[in-house]
Each structure stands twice: as C-alpha cells, then as structure tokens.
Amino acid sequence: MLDTGDTAWMLASTALVLLMTPGLALFYGGMVRSKSVLNMMMMSLSSIGLIGILWALYGYSIAFGNDVGGGLLGNPFEFAGLRGLFVGDYGADPATFPMSGTIPALVFVGFQATFAIITVALISGAVADRLRFGPWLLFAGLWATIVYFPVAHWVFAFSDDESGVVGGWIANDLAALDFAGGTAVHINAGSAALALALVVGKRRGWPREPMRPHNLTLVMLGAGLLWFGWFGFNAGSALGANGTAAFALVNTILATCAAMLGWLITERVRDGKPTSLGAASGIVAGLVAITPSCASVSPLGGIAIGLIAGVLCALAVGLKFRFGYDDSLDVVGVHLVGGLIGTVLIGFFADPGSPAAVAGLFYGGGVDQLWRQVVGAVAVLVYSFVVSLVLAYIVKAIVGLRVTPEEEATGIDEIEHAETGYDFSSHRAVSGLSGQRPEPAAEAVPAAAGKEA
Amino acid sequence: MLDTGDTAWMLASTALVLLMTPGLALFYGGMVRSKSVLNMMMMSLSSIGLIGILWALYGYSIAFGNDVGGGLLGNPFEFAGLRGLFVGDYGADPATFPMSGTIPALVFVGFQATFAIITVALISGAVADRLRFGPWLLFAGLWATIVYFPVAHWVFAFSDDESGVVGGWIANDLAALDFAGGTAVHINAGSAALALALVVGKRRGWPREPMRPHNLTLVMLGAGLLWFGWFGFNAGSALGANGTAAFALVNTILATCAAMLGWLITERVRDGKPTSLGAASGIVAGLVAITPSCASVSPLGGIAIGLIAGVLCALAVGLKFRFGYDDSLDVVGVHLVGGLIGTVLIGFFADPGSPAAVAGLFYGGGVDQLWRQVVGAVAVLVYSFVVSLVLAYIVKAIVGLRVTPEEEATGIDEIEHAETGYDFSSHRAVSGLSGQRPEPAAEAVPAAAGKEA
Amino acid sequence: MLDTGDTAWMLASTALVLLMTPGLALFYGGMVRSKSVLNMMMMSLSSIGLIGILWALYGYSIAFGNDVGGGLLGNPFEFAGLRGLFVGDYGADPATFPMSGTIPALVFVGFQATFAIITVALISGAVADRLRFGPWLLFAGLWATIVYFPVAHWVFAFSDDESGVVGGWIANDLAALDFAGGTAVHINAGSAALALALVVGKRRGWPREPMRPHNLTLVMLGAGLLWFGWFGFNAGSALGANGTAAFALVNTILATCAAMLGWLITERVRDGKPTSLGAASGIVAGLVAITPSCASVSPLGGIAIGLIAGVLCALAVGLKFRFGYDDSLDVVGVHLVGGLIGTVLIGFFADPGSPAAVAGLFYGGGVDQLWRQVVGAVAVLVYSFVVSLVLAYIVKAIVGLRVTPEEEATGIDEIEHAETGYDFSSHRAVSGLSGQRPEPAAEAVPAAAGKEA
Amino acid sequence: MKLITAIVKPFVLEDVKGALEQIGVLGMTVSEVQGYGRQKGHTEVYRGAEYSVDFVPKVRVEVVADDTNADKVVDAVVEAARTGKIGDGKVWVTPVETVVRVRTGERGSDAV
Amino acid sequence: MKLITAIVKPFVLEDVKGALEQIGVLGMTVSEVQGYGRQKGHTEVYRGAEYSVDFVPKVRVEVVADDTNADKVVDAVVEAARTGKIGDGKVWVTPVETVVRVRTGERGSDAV
Amino acid sequence: MKLITAIVKPFVLEDVKGALEQIGVLGMTVSEVQGYGRQKGHTEVYRGAEYSVDFVPKVRVEVVADDTNADKVVDAVVEAARTGKIGDGKVWVTPVETVVRVRTGERGSDAV
Ligand SMILES: Nc1ncnc2c1ncn2[C@@H]1O[C@H](COP(=O)(O)OP(=O)(O)O)[C@@H](O)[C@H]1O
Ligand SMILES: Nc1ncnc2c1ncn2[C@@H]1O[C@H](COP(=O)(O)OP(=O)(O)O)[C@@H](O)[C@H]1O
Ligand SMILES: Nc1ncnc2c1ncn2[C@@H]1O[C@H](COP(=O)(O)OP(=O)(O)O)[C@@H](O)[C@H]1O
C-alpha cells in the first residue's frame, strides 16, 4: 500500500543523492590545478550519464533481481530495461503499479541508481590530471558491471520470505550491518581507486613537484553540497519517513561535526594550523564513516565514530607519500579508510536501542557482530581491488590509459576536452574564425583541436 | 482532504524549482565573458523578484482563474492579490482553508510561481552582454503578462466538471500532452528569445570575434543545480507523492543521462573532443526534452527521447552561425529545439502503460496524438514569437535596448551595475573615499558611477 | 502518532536549513578580499562542527528541556547527550520511540540544531579579515552556551499543559509572535555582531582603504542557496506539511521578491545603478524580515514587509560609516535591522485570517500585539548585546582577538590557515619538498607554516 | 637591437598583432597591465559605498627588433592602436645589447 | 628619456602613486609580479603536505620620464615605498630612445 | 649594470631559479606573459564553435646584474630553459643606469 509520506521523502532523497555527484565534481575539481579542473569534473559528470543508462539496462537487475546463486548475483534479465517495473493503471484508486514496500518500485530504482553513479565517480579522484577520458569511460562501465552491480546485490538486496525473493550473501547470510553503503560504496570505491592509481601510475613530477589545490572555494562548496545530499543517502536508506530515518539523520549531523573537529585538531597539532581543506576533508571523512553505522549506533556513538574517523583519515592521507602511490585526491585515505572505520566500529558501538537493535562489543554483544563486519569489509575490499586491478590492466592493454608527458605538462583540459576552465583576461587571448566550419573542414579541426603545434 | 505526504513533496518541489533560477544564473553567467557575468546573473535574479510579485498580483489569476472565453485567458480579478486563497481556520481540525486537490491552494500558487519565474529568466540567455538592465525589466514584465500568464492558462489550467471551473484550450479542448511545460515553458521561452535576439541585434564583433566562456566551473555547477531542481519541476508536476511522480522522476534521470551522452558523442564525432560545456549542455537539453514527456513515455522511450534531443540540440546550436542571429547562449538551440523534440516525440513514443495512458504512433495509437502535439507546439511557438517581436520593438521605441558600442567594449557589468565580478589582485586597484557621501554628493555619484571619464 | 508526511517534510527541512550555513559561507566569502576568503568560510563551517556537538551535549536540553525557572532556561541535564530521545523499538508497529508532535523527537532535535548553527555563523560577518581562528571558536562556543541556547528557550520552547512541560517566557508569558526566529536568530546574531565588532575593532585602513568584494558570483550563489534553504527554515517551522507551512512558503517567496526590488530601487535612486550585490543583499534582508512574520501576515502584508525591509536595510548598511564601527559584512544593517523590522511590523500587519490568527494595528487589533513584539525584540537585543560584549572582552583578555597589522596586510588565510584560496597561475609559484616530513620535522613546520620569514 | 614596448588598449591587441604580421614581425610578448594617466578610471558602488577605480586595464606588447626595423615596428603599432581617444597609450623604444634564442643559442638578428 | 622601473610591495602602491602625483608625474603603468630575493616566502600545508611558496607578490611600477625628471622620480618612489623591512624592493633606470603617444603621435617629452 | 629579461616556458621556472642560485644570483622578478611566435597555439571548441588560441603562456624572468655577471646570467638561463623544442623563448640584455635598493637606498652593485 503506497504511503505518500514515505514516497515524498524517497523522491526528495533521490534528488539529494543525485546532487551529490555534481557536488563531488566540485569537491574534486577545486583540488586539482586549474589546467585539469574540467577533466576532473567531467569524470564525475560522465559517470552520471554512463552509469545511469547501464543501471536501467541491466544494473538494477543484477543488483536487485532474484538471486541466481550463492547470493552473488541477481538475475540480469529479470528487470532488464526496467521491464515489469512501471506498467500499471496509475489512474485507478488504489493505483496498480509495482511497489517496493510502501513506495513505488520506480522510486527505489531511481534512488539506487544514484548510489551506483556516485560510487563510480568517487574512484576518479585517484587519477587526476593524467587519465585519458575515453579509457576512463571504458573502465567506469566495466567496473560498474563487474564490480558495483554484484557487490550492491551482496550488500543491499535483502531476501524476502513472503515473496520468496532471495538477496545477497552479506546482507542475508553473513548479516553484516551496512545501512547505507560503507562497504558497497566507500570501501568498494576506495579499493578500486587504489588499484587504478597503481596501474595508471604517478603524475609527472609527483611527489617532488607540489600540486596545490587551485580553488578551495569550490572544494568547500562541494563539501557543503555533499553533506546536504548525504541526508538523502543515509536517512533515505530508511526507505521511508520514519523513526529510522530520523535516527540516521541525527547521526549524519553529529558524526560529521565530530569528524570535522577531529581533522582540524589533528592538523593543529601536527601542522600548526587548521585548514579549510582539512575542514572540508573532515566533513567527508565523517560522512563516509557514519554511512554504514548511522542506524546502529547512538548519537554519542556516532560522535565517537566521527571523531575517530576525522583523526585517522587525517593521518591516513599521508600514507601515499610513505608508500609512493599517487592517489591524487586521497580516495584511499578518506573513502577506503573511512569506510573501514565506520563498518568495523559498528562491531564495537552497535547499540541495541538503535533501529538495528544489535549489541556491539561495548554493549555486551561480544565479538559476534564484529567479525561479521570485518568479514564483510574485507570481502568487498579484496574483491574490488583484485577485479579493478585486472580491469585496469585490460583497459591499458586495449586502449592505453595516460596522456603523454608533454600533454600532461600542457594540461589535460586542453588536450582531452579542447577547453580552458577560466578566462579572466581583459584582452582577447583567443582569435580566429569562430562559428562552425563546413563539415569537411570541421573534420579537420578535431585533428588540430587542443594539440600543440 | 489534505494529504501530508503530497503536501510535503510539493513544498519540497517548490523549493527545488525556485532554486533552478539561481542555478540558471550560474549556468548562463559562466558562459559569458567575465566583464558581463554579473549582468547575466542579474537578468535571472531580477526575474525572480519581478515575476514573483506580478504572479501574486494578477499572474496566478490570469493563468488559473476561471476561463473568461475560449480557453484563452483566466479571470484576472478572481484571485488578484491571491485573495480568497489563504484565509481560513488553520487551527481547526480538519483545518479549513482553500485546497487544490490534496494540497493547500497556496502550495500550488507557490509551485506555479517558480515556473513563471524561470520561463522569463530563460529568455535572457539570448541577449548576453548588450541589453540594458532597465529595458530588460520592462520587457520581462510585459512578456510575462501578455505571453506567459495566458499560455500557462492554455497548457496548465485543467477544467474541472465538478467545480465547473473551465481551463485552457490546449489542455482541455486540444488535449495535447505537456506534463511539465515543454510548450508553456521551453518552446515559449525559446521562441521569445529568438524574437528578442533579432530585435536587439548581434554583439559587437560577433561572430568574427570569439567570446569564450569565462568560467566553466560555474556552468557545470549551474547544470548540476538545474538537474537537481528539475526533479521538482517534473516529478513535482504530479502534484503529489504518487506513482506518476515516481515515473516522472525516473525518466528525468534516464533521458538526461542519454542526452548528455548524445551530445558528447556528437562532439566527439564532429569536433574530435567531448567537452565539459557539451556535457552541461546535454544535461539541459535532455531535461528540456523530457519535461513534456516524462509521464507519457516508458523509461526506454525516455532514453530514446533524451538521446535524440542530445544529438539534435548539439547540431542545432550551430544554426545561429548559419542564419546569423546572435542567440548568445543558445536558448533557441537548446530550449526551443529541445522543447519541440520532447513535445512532438510524445506523438511517437507515448506508452499506454504510462500514467498518461495514451498510445503514440509506435504503440499503435496512430497519428491522433501526434497532430495534437504538433498543433499545441506550433501554436505556442507562433504566438510567443509574434508577440515577443512586437513587445521588443515597443520597448526599443520607448526606452531603447542596447548599451553603446563603447560601453559594450568596456563591459556591461561596469556600465549597468557599477561592479566588477572578480578581483583577485594582490594590490588595491581601487582607492578613494569609501563610505557614503552626504546625500547631495551621493546624488553626484550616480552620474559618475560606472562611467568612463 | 507519527505522520509520515509531516516527518518527510521535516527531514527535508533539516537538510535545507543545514545547507544554509555553507550557503552563508559562500555569501560572506565572496564579499571579502581574496586573501581572506578561506578564513571567512571557515568561521561558518567551524560553527557547524562546534555548535552541532554542543547542541547534542547540552544545547538542546537548555533550549527545550523543562523550564527550571521564570521561562529563562531549560533543564541542562534533562536531555544531556540526547539521552531519552532515541531509545525505543523501531521495529514494532506502531514503533515506540519518543515523538514530538507528529514527528520523531530526533527530527526536531536535528532541525533545531541547524538553527543554533547558523545563528552563530551569522555573527562572523562582522569580523572579517582580522579575528584569529582560535578566539573565534572560543567566542562561538561561549556565546552559543550563554546566549543562544537560553534565548532559543525563551522564544521557541512552548509550554504544553497536557504533558505539563513549561517553556520560555517570550513564547508563553509575553506571547510575542516569532514564527521562525526573527528575535532568537536574527536580532540575536545581529546584536552580538555589533558587540563583537566593537571589541575587535576596525580593519587596518578601514574605512579609508576600500575593500571590495573579490567574487560576486560566490555572493549570488550563496544568496540563492540561502533562499533555497530558508524554505526549510520558515515553512519547516510549521513542524509539518500543513496549511501553515504552505502559508509560510508563499510569504517566503513574496516578501523576498519585494525586498530584492526594494533594495534595487533604493540603489537606483541613491547611487544611480542597481547592483548584483544589492539584489543578493535584498534577498537576505527580505528573508530575515519575513522569518518572524511568515505565518501571521497575509501575502500582500508579506510583500509590504519585504518592500520596507529592502528599502530600510539598504539605507541601514550605511550607518557603520556614520558611526564608525567596522561591521564588515553588514550583519547589523541586514540581520539586526531586518529582524527588528520583521518582528515589530507583525504588530501592524498581523492578519486574523492567517495561521497565527492575531489582529495587528492595521486589522483593528490595537497596539496589544505591537508592544508584545517590541518587548520581545528589545529584550533579545539588549541581552545579546550586553552578554556578547562581556564575552568578547573576556576572550580578548584570555587569548587576544586579532592578528597583527602585518599579518592582516599579508592576509589572514595565509596566517591562520596556511592556505591560499585560489591559484590560477600557469607556472608553479610553489616549490620545495612536498609530502609529510618525519614527525619531529613536521613539528618544525607549524612554526614556519604561513609565517613571513 | 631594440626593444619596442607598447602600452595599448586591450581590444586593439588583435589589430596590433595583425599590423606586426603585415611587416613581417614573427614574434611578440604580451602581458596584462593596469594603466594610470589622463584617462580617468570609473566609480563602483558596493552597498552604497563608492570605490573609485583609478587604474584602467591595458595590454603591454613587447617586440625585440633589428635597429633597422625598430621604426617600422613603432609606426605599425602606433598606427594600429590609435583610436584617437584619450588612453590610447604609449610606445617606447629601449636599446638591447644582446638577444639569444634559447632553443638554438642564436644571437642578435637571427634570434628573433 | 628614461624608463624608471620599480618593484615594490603591493600595499605601498597607493603611496607611490601619491608621491608621483606630488612631483607632477601624470602617468604610470602598473603590473603584478612575483618577487624572489632576500625576503623569504612562506609555507602552506594541504592535507599535511607542505608547500613552500618561494615567491612573494610584488607590484611593478613603470614610469617614463624626462632625463631631467628621472632622479626626482627615483627618489620619490624610493621614499614612498620604503618600510625599512626586507623585501621593500628595487628601482632601476634604463635609457629610452623614443617615446610616442599613440593618440597624437607626439614624441619625446610631449608624449608623457 | 644590466637587466637580463628572459621569456621562457612556465614549467622551466624552477630550473631557471636553481641555475641562477648556482651562480649566486640572489634575486629575480617573475611575471606571467602570453607569447606569440613560431610556436603555434591551439584550438578550443565551445558548442561546436572553434576558437584558435594564438598566444602561449610564458613566464618572464627579470634579473638585474653587474656588467661582469650579465653573461654568466644569460648563459645560466639559456642553459636551464632549453628543452630544444620550438617556443623555448628569448633572453635579452638591456643597459641599466642606476639600481636602488628601496630599503637602504644603496645603489649599483650593492643594491642587488
Ligand atoms: N609616464 C608614463 N610612464 C609609463 N606609462 C605611462 C605614462 N603615462 C601614461 N602611461 C601609460 O599610457 C596609458 C595611456 O595614457 P593616458 O595619459 O591615459 O592617455 P594618452 O596616452 O592618450 O594621453 C596609461 O594608462 C599608462 O598605462
Ligand atoms: N637581482 C634582481 N633582479 C631583479 N629583481 C630583483 C633582484 N633582486 C631582488 N629583486 C626584486 O626585489 C624584491 C625585493 O628584494 P629582496 O632581496 O627580497 O629585498 P630587499 O630589496 O629589501 O633586499 C624581490 O622580491 C624581487 O622582486
Ligand atoms: N620578436 C620578439 N619580441 C619579443 N618576444 C618574442 C619575440 N619573438 C618571440 N618572442 C617570445 O619568445 C617566445 C618563443 O618564441 P617562438 O618563436 O615561439 O619560439 P623560439 O624562440 O623557439 O623560436 C614567444 O612565445 C614570445 O613570447
């Protein structure tokens, strides 16, 4: 039976989570140098376009189709092209169309689509300034198909005895708690980012040559939009306007506040100054950590998890210098580490009085839930890393991955997109015939476009 | 009877659609040169202020008042100043105040106000860099009064036999399908933009002198906010949190994804490189095309419409160079063309299983619906173009339209608003007494303000 | 009994109001010089982190705990750490967990938290470019504790005979009307801003040396996000998706439109040109003025209040030059003055047909309501000013407030945060070993970081 | 060799470039500058407070040329940059002792 | 004629401008530059990684003046720009062979 | 005294700076410029419309040095800035009559 209140909240949540990807584009875009900002943002925007379509074609079906074996995969054909999910008599009262719980099935489809989109976009932070756009799209499509869609099935597809629908192994057999995607989204993306960064290799001159963020106002704007959208991500995962959503909402505020403070304190102690990039980074770290745990820990537990995530992620972003991998915008340090923290700490902080109604180690629940959390986290981490590594090598073999060193020096925006992010000059640095050339001539352009003569 | 879920979604939708106009200001503002960015944004912001007030005074009444003849116009006095729409006992249970369906009438008033606002703002993209601010306001007010308010009546005012309320001719007599405003909003604005651009004339040096976008991060941010707000625009047009809203929501995601890809592919083939401006433009083109059709075509149909719109609009933006009209930011190429595509394609793709429950040509419905769509589209196109042309000439005759060539070279921000968009300099390029002069002296300022000595 | 529609709207409203603070960061950040933009934004962001945590620890309890005497203060321990507000059986049907009205208590906690956060952030506009970050945090924490939390109790805590809960004196004993916080939020913050500005002192070179906004596109973006979020602020204060919310929603559109026009007209007349900063400022002035009155005046009354606020605030921002206090971003001129206008004008425009169902002077209600409004406004103004003055002096005495004149000339971003807002240079102005030094060395950095050798 | 430095209005840059190409000048270096002189600036107003902007955006064009070419260059630039309005700018010539093309190490005339 | 070039701290620009007006200098050209010298830069920290910024923002002021005026100009600028702190900058004088006012074609002293 | 002006590719700035330090040059002034010459620009495309960007970003490095040092400086810069590709840039030397250190008023060699 459709509940308009639940539906209203899920419609809003879908819009909120979709906004997160443009928000991420700004968050990432501001952190790179001005000659790469457009490409950085394009990797996120293109994820929306590409993954949104794949989701409708077969992604939703792989993730939420009836299990075809071992809780590893949903039936890719069951809902291919969203068939069977929308046809009905919308005029009748009560209307007849497929539902999922108290909301129309299509809202659930849209809501989950935005999760698939942003998970793929998150990965791009690791390969700023150097990955060609075509290979990015190829990798993104393959990764979503082979990694995200199945893993979403593992974690988000719950079995339903009534309808006899069978879901994924982590959600049902292992029964690890991951309310909004600490494993499927953040550990998954972070692990893939590490693999891709390793295969793509370091930026020319990194780490010797410093590459400072070109526009921190964009970074802070992006962090603000991410937080805003994340309310849909976390409280929306309650799939209705209920007490669980309220609970997740409050934890999504408190843990994030604590993480911001945690990151700033760490900077103050270690570097002498709290920075705006640190505040923005702390916000994201806190949101990542509370994503899996927002419905299973008390508000004070949420504050504790946020604080821990803020401090540990602020330290973790330094790892890449120790180990020498160029995870350019710290997808590993923030999303992989933050996701692990949030997922594992549930084993300690889970409060029986919370919607999840599970007791963690600190609440006398012993290590039972803890090991489930660890197994779930590690499973996703390993699967994502290995498959991503293989996919990256395959793409490299087929089409290659990087722009040339000269092109990298010139700037990937000019090379891959034939554009410049900003032009504040008073004079016209550009000239020449504007307007489209007759087709043949136009064909000649591409050759030239963006190339240094 | 008030439904809190429907009301919650419509309250949220109103906020979402209002946000679209600041989003448009950024989308447009980033595309012009830095010396015109403020004026470009001001044309959008001022539309909110001006049209919002006119809407309350008589706009809503013209659009949704009881028809005063031939489905052409609502009674301008019926709800003048929103009278009769708010007084009631809000404390009583059930509360007594005017409703429209399951939501308070005032929510519908607010929701529709945001449509009037953005339609006017859309026009401004055609006259970047050169239209004086006063004449813009005059044109905007006249156009809303004589063109938008009546056309909104044609398309959005449905007759209601029970209450005996009579609505507009396109919605009721013609029964063309336009769910969220492909005709009333996009064809309408695009057609007016063409007329206004023709009367205002080309920018100094166009097309010889290139005028490249000064800040593409603003353009992408704007596109992101537009998409976000568009969920309120399309799914909100269901006027409730129901299956139709869910249906519209999913199409608003899928068609937009497809259009983005369509535009990028077109660029890749024609120009050699997919651009970020192309991605942002494709997003808007897709949103425009799915606006009328989001409740009448299946998800796969939505993908098809989006793809077609992405490709055709990417080609259409070149027309201005062929025909030599300076539609500066392609309001014609994106909104007029996109609106036509979306409105007419309903005639082909309409799916009887959709909320609209109409069969298009491809679903065995024959050409019946197709010609209704064509008639509706052409009617709005012609009416808007002709009246806009006349209004533009009238404004030109009374107060003139353009800044002088010298002023245009200097930059319209300095001339019309006495401001500069950005100041990143390390030194103080400005000096002199700050603070307000005693009134008389202050009077002297305006004369000077923004003028070149 | 939980109403999912009301809950859906309040979940959305909480997200909307939280977004206002990042929006404010952009609005303020764009108005300062580029060398101070990060610090300006950090004062807002840090308010979220700090006040969010204090709210959970004891803030909510002071504001909404049962009154401990004279309507001045809620019991700080009653809900310390949010205890008693979340534990329950979320699975049961109907679920058992604490409610506030028709929504889960936790949603109300989250919603109100965002009010406390932005009120503190608003103050920062008065002390741009010069206040050290540590002292800001100290002041912010103390002010929230001693000023905001109690004042929120006065204004927002309503007594409930049933449950026997006793609330604040302004809401109950005085019965002044302040729907969404004209007194508790705007007069409160504006008054504190004046006090803090007086103690901190003028910026080096003010007003002789002009300090023009460095990025007006950020200001307009911020204004847009503020308006968007303000729908949650005002319509959300109805605590449900009902007629009162609808009423507040429409006034939040109309009064703001009118204020924008009012400000622009004032500029046109006085300075000769309407400016984009004026439009953005008018928007905020209108939103401030309609905040207390949006549920007690008719739409036309709302337009009148907005228009008056737009004109008067446009004039009020000049006062600082007359009286020589450096309220850098006009928190006094916009929030204190705007808050007073909105709060007091209720006494004139209150419409008995509105949800508040009170008659003001113009509706034959005499001066009864008027004096209640005046008393409430003045009480908050005086309390906030006096306590803020004392707190500012205390903080000054303990840790000092300002950066040195040299540091101010260099720019507070570099000094306090060791960052630069923008880097559009083509070459690398930066160099040297990147990457974290071994801890001891790192310890050495802070000393150096941001310091001029 | 000579260094010809021209301070001109931003929107004449294209014409100056064209004029130089006319007389076979293959290269130049351009930069943004702020000018102060007879041409007055303008006034901006933010929240009612006036800001007088005294400096006017200009473009600096620098050309290194043979002694023999110097005058031709000066004339070409002056010709192309003139609008007849106050603020057209200045052109000045300074002596250059050596010019080196970095790529080849060529010196003097061969370097430009 | 001489070209006086001064590299000074950004915030003294107003004073330098005033000093030049004092001695009747009607025009100048200003541009933003990055300085490197005894005055050291500063360190920035992003996500724990240090960036040492070696260059310091400075402003270049260029004035073309009569031989007779050159010294007056130099002294005026030095006077106005001095704060006594490291990094105050440099002023240097180079010979100018011709100056032309674009608008009128006037040359030499009349051109400035 | 001499003024050595170098127009080089942005990414060699660090190397040039290093090379100058090598030979004991304590200071320099750097600014962003747009270069035009043999090295062609590139084409950008916005909504299908081409924009040919003729100017290439370059960096100007200015060093005032003793007559005796001038050649060393030129060689050091040329050395450090050479990539062998078109567009490496130019270095030119102009005579300087006086140099003053603003802070101290020192003149000539002591000023740099
Ligand atoms: N004495 C000077 N030294 C250097 N540059 C100058 C001098 N006088 C003028 N300029 C430059 O020339 C530009 C135009 O000069 P101005 O006096 O405004 O107009 P005009 O050259 O037509 O008389 C100024 O903006 C400034 O950049
Ligand atoms: N040899 C030089 N050539 C060109 N510019 C120089 C030279 N030395 C210093 N400068 C400029 O002068 C500025 C100040 O020099 P610096 O050595 O820092 O302080 P001071 O001039 O007080 O000794 C530098 O930032 C740089 O812009
Ligand atoms: N005649 C000139 N006067 C001033 N600057 C020049 C001149 N010729 C070239 N340049 C500068 O030198 C840069 C490199 O010159 P270019 O001809 O492109 O390559 P190369 O120096 O290797 O032949 C140009 O971008 C321009 O900034």
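Protein chains get the first letters and strands the later ones, always in sequence-line order, with residue 1 at the start of each.
When all heavy atoms are compared, the tightest approach of A/Leu45 to B/Ile283 is CD2-CD1, 3.9 Å. The shortest heavy-atom contact between B/Phe228 and A/Ala15 is CD1-O, 3.2 Å. Scanning both residues, A/Leu221 and B/Leu221, for their nearest heavy atoms gives CD2-CD2, 3.7 Å. Nearest heavy-atom pair across B/Thr217 and A/Tyr422 is CG2-OH, 3.4 Å.
Among A/Leu137, A/Val37, A/Thr420, the residue with the largest count of heavy-atom pairs under 4.5 Å with chain B is A/Thr420. Taking B/Gly421, B/Ala245, B/Pro352, B/Gly243 one by one and counting their heavy-atom pairs under 4.5 Å with chain A, the maximum is reached by B/Gly243. Your options are A/Trp9, A/Phe97, A/Phe111, and the one with the most heavy-atom pairs under 4.5 Å with chain B is A/Phe97. Top candidate by heavy-atom pairs under 4.5 Å with chain B, chosen from A/Pro22, A/Ala8, A/Gly52, is A/Ala8. Listed options A/Asp89, A/Val109, A/Thr14, A/Asn215 were ranked by heavy-atom pairs under 4.5 angstrom with chain B; first place goes to A/Thr14. Of the residues considered (B/Ala357, B/Gly236, B/Gly232, B/Pro355), B/Pro355 shows the highest number of contacts with chain A, using heavy-atom pairs under 4.5 Å.
Taking CG of A/Asp423 as the reference point, atom NE2 of B/His214 lies at 9.0 Å (rounded to 0.5 Å). Here CZ of B/Phe424 is found 4.5 Å from CZ of A/Phe424. Values are rounded to the nearest 0.5 Å. From A/Asp413, atom CG reaches atom NZ of B/Lys273 across 11.5 Å, with rounding to the nearest 0.5 Å. The distance from the CZ atom of B/Arg212 to the OG atom of A/Ser425 is 6.5 Å, given to the nearest 0.5 Å. The distance from the CE atom of A/Met42 to the OG1 atom of B/Thr275 is 6.5 Å, given to the nearest 0.5 Å.
Both the backbone and the side chain of B/Ala258 come within contact range of chain A, each with at least one heavy atom under 4.5 Å from a heavy atom of that chain. Looking at A/Leu11, both its backbone and its side chain come within 4.5 Å of chain B, counting heavy atoms on both sides. Only the backbone of B/Ser354 comes within contact range of chain A, judged by heavy atoms closer than 4.5 Å. There is no contact between A/Thr21 and chain B, counting heavy-atom distances below 4.5 Å. At a 4.5 Å heavy-atom cutoff, A/Ile51 makes no contact with chain B through either its backbone or its side chain. Looking at B/Thr252, neither its backbone nor its side chain comes within 4.5 Å of chain A, counting heavy atoms on both sides. For A/Ile117, no part lies near chain B; criterion is any non-hydrogen pair under 4.5 Å. At a 4.5 Å heavy-atom cutoff, A/Ala95 makes no contact with chain B through either its backbone or its side chain. For B/Leu218, no part lies under 4.5 angstrom from a heavy atom of chain A.
Here the side chains of A/Leu38 and B/Met220 are in contact, with some heavy-atom distance below 4.5 Å. Between A/Leu18 and B/Phe231 there is a side-chain heavy-atom pair separated by less than 4.5 Å. For the pair A/Val107 and B/Val250, the minimum side-chain heavy-atom distance is 4.5 Å or more. Looking at heavy atoms from C-beta onward, B/Asp351 lies in side-chain contact with A/Phe86 at the 4.5 angstrom threshold. With contacts defined as side-chain heavy-atom distances shorter than 4.5 Å, the pair B/Cys257/A/Ile48 qualifies. Under the 4.5 Å side-chain criterion, counting only non-hydrogen atoms from C-beta, B/Asn242 is not in contact with A/Thr7.
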Steps toward side-chain contact (heavy atoms from CB on, under 4.5 Å) verdict (B/Leu225, A/Leu19): CA-CA 7 Å; B/Leu225 292 178; A/Leu19 181 64; 4.2 Å; yes
Worked verdict on A/Leu106 versus B/Leu249 for side-chain contact (heavy atoms from CB on, under 4.5 Å): CA-CA 8 Å; A/Leu106 283 182; B/Leu249 178 96; over 6 Å; no
If you apply the rule side-chain contact (heavy atoms from CB on, under 4.5 Å), what do you find for B/Leu300 with A/Leu82, and how did you get there? CA-CA 8 Å; B/Leu300 290 182; A/Leu82 304 187; over 6 Å; no
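Side-chain N or O atoms of A/Glu419 include one that pairs as donor or acceptor with a backbone N or O of B/Ser276 at under 3.5 Å. Although no hydrogens or angles enter the test, the distance criterion places a donor-acceptor pair under 3.5 Å between the side chain of A/His417 and the main chain of B/Pro274.
If you check the side chains of A/Thr4 and B/Asp6, you find no donor sitting under 3.5 Å from an acceptor.
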